[in-house]
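I have placed the structure first, in the form of structure tokens, so that the comments after it can refer back to it.
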Amino acid sequence: MKKCDLQKKPGISCTVNSPYIVRDVDLLFDEDGKRLETKSVMSLCRCGESEKKPYCDNSHTKKGMNMVKSPDRCPDKNKDYRGKDITVHFNLGVCSHNGICLTLKPVFKKGRRPWIMPDLGKKEEIIDIIRKCPSGALSYTIDGVRYQDFDREPAIKIDKCGPFMIEGYIEFKDDQNSCPESKEHYCLCRCGKSKNHPFCDGEHLDKKLF
Ligand code: SF4
Ligand code: FES
């Protein structure tokens, strides 16, 4: 490894008026998994208006941008769903609603109460689906140990018609003291309409923004 690589600390920062400023992230993938060009420092669009998505083209300067958290956003709070071998934790406040978890039936079922029933599935399958949750909304505890952060290379992936999916411990800083549920992975809004800026809250789905 080159000396300069050892000093790299991938990070993303923003203010309520700025795009995402990304530094030292080499891996950026489009919606189809194709690798995109990166620079050591680059700006990514968060308002949804750029003609050069995912990169910022300064469109936000025309309309102005004030990406503050809305008072009526979902609370940033975990709820526990206990099974005999595993407890699943869910934080609706940061869920990007891409629905991957709902593919593990009947453990996850929309509209049912409780919507997560760990004893209806195998522990290994539940772990596998939680590791696929891009937002950090899902995590789990086994034998008193909480599993929330996984080990992956730093990368930014674009969800189909959805947010930036960040993984690999890319440090996040903004001027609203926003703290991802998992420091290892989280979803950043790129449509500009989330009530929980900078995190995606699934608002893009209702408004069909992409
Ligand atoms: S972000 Fe996670 S919890 Fe939310 S729908 Fe997707 S997989 Fe389920
Ligand atoms: S990209 Fe999901 S709310 Fe903006």
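First listed ligand is number 1; within each ligand, the first listed atom is number 1. Note that this is a predicted model, so its numbers are computed, not measured.
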Next item on the list: Give a yes/no answer: is there an N/O/S atom of His97 under 2.8 Å from atom 2 (Fe) of ligand 1?
Entry: no
Note to self: Among all the protein's non-hydrogen atoms, which is closest to atom 4 (Fe) of ligand 1, and how far away is it?
What the structure shows: Cys95 SG, 2.3 Å
Notebook entry, point to check: Strictly under 2.8 Å, is any N, O or S atom of Cys191 next to atom 4 (Fe) of ligand 2?
Noted result: yes
Next item on the list: Just jot down the ligand 2 atoms closer than 4.0 angstrom to any heavy atom of Cys189, in number order.
Entry: 1 (S), 3 (S), 4 (Fe)
Next item on the list: Give the cluster check for Leu28 versus Tyr186: same hydrophobic cluster or not, with ILVMFWY residues linked at side-chain heavy-atom distances below 4.5 Å.
Entry: yes
Note to self: Can you tell me how the ring of Tyr140 sits relative to the ring of Phe150, calling it parallel under 30°, perpendicular over 60° and tilted otherwise?
What the structure shows: parallel
Check: Can you say whether the rings of Phe199 and Phe172 are parallel (under 30°), tilted (30 to 60°) or perpendicular (over 60°)?
Finding: tilted
Check: atom 2 (Fe) of ligand 2 to Cys187: any N/O/S contact under 2.8 Å?
Finding: no
Next item on the list: Find all atoms of ligand 1 within a distance of less than 4.0 Å from any non-hydrogen atom belonging to Cys133, and give their numbers and elements.
Entry: 1 (S), 2 (Fe), 3 (S), 7 (S)
Check: In the protein, what heavy atom is nearest to atom 8 (Fe) of ligand 1, and what distance, to one decimal place, separates them?
Finding: Cys101 SG, 2.3 Å
Notebook entry, point to check: Are any of the side-chain nitrogens in Glu181 or Arg146 under 4.0 Å away from the carboxylate oxygens of its partner?
Noted result: yes
Notebook entry, point to check: What residue and heavy atom of the protein are closest to atom 6 (Fe) of ligand 1, and at what distance?
Noted result: Asn98 OD1, 2.4 Å
Note to self: Contact between Tyr20 and Leu188 at the side-chain level, heavy atoms closer than 4.5 Å - yes or no?
What the structure shows: yes
Next item on the list: Flag yes if more than 12 heavy atoms outside Arg82 fall under 6.0 Å of its CZ atom; otherwise flag no.
Entry: no
Checklist line | Same cluster (ILVMFWY, side-chain, under 4.5 Å), Met65 and Val68 | finding: no
Check: Can you list the ligand 2 atoms lying under 4.0 Å from a non-hydrogen atom of Arg190?
Finding: 1 (S), 4 (Fe)
Check: Near Phe90, which atoms of ligand 1 are under 4.0 Å from a heavy atom of that residue?
Finding: 3 (S)
Note to self: Taking Lys160 first and then Asp32, would you say they form a salt bridge - that is, a charged N and a carboxylate O separated by under 4.0 Å?
What the structure shows: yes
Next item on the list: Treating Ile, Leu, Val, Met, Phe, Trp and Tyr as nodes and any side-chain heavy-atom pair under 4.5 angstrom as an edge, say whether Ile166 and Met67 lie in one connected cluster.
Entry: no
Next item on the list: Flag yes if more than 12 heavy atoms outside Asp143 fall under 6.0 Å of its CG atom; otherwise flag no.
Entry: no
Notebook entry, point to check: What do we get for Leu138 next to ligand 1 when only non-hydrogen atoms under 4.0 Å count, side chain, backbone, both or neither?
Noted result: side chain
Notebook entry, point to check: Relative to atom 2 (Fe) of ligand 2, which of the N, O or S atoms in His204 is the closest?
Noted result: ND1
Item checked: Ser135 neighbourhood, listing ligand 1 atoms whose heavy-atom distance to it stays under 4.0 Å -> 1 (S), 2 (Fe)
Notebook entry, point to check: Counting each atom of ligand 2 from 1 as listed, which ones have a heavy atom of Asp201 under 4.0 Å away?
Noted result: 3 (S)
Next item on the list: Write out the residue and atom name of the closest protein heavy atom to atom 5 (S) of ligand 1, then the distance separating them to 0.1 Å.
Entry: Gly99 N, 3.2 Å
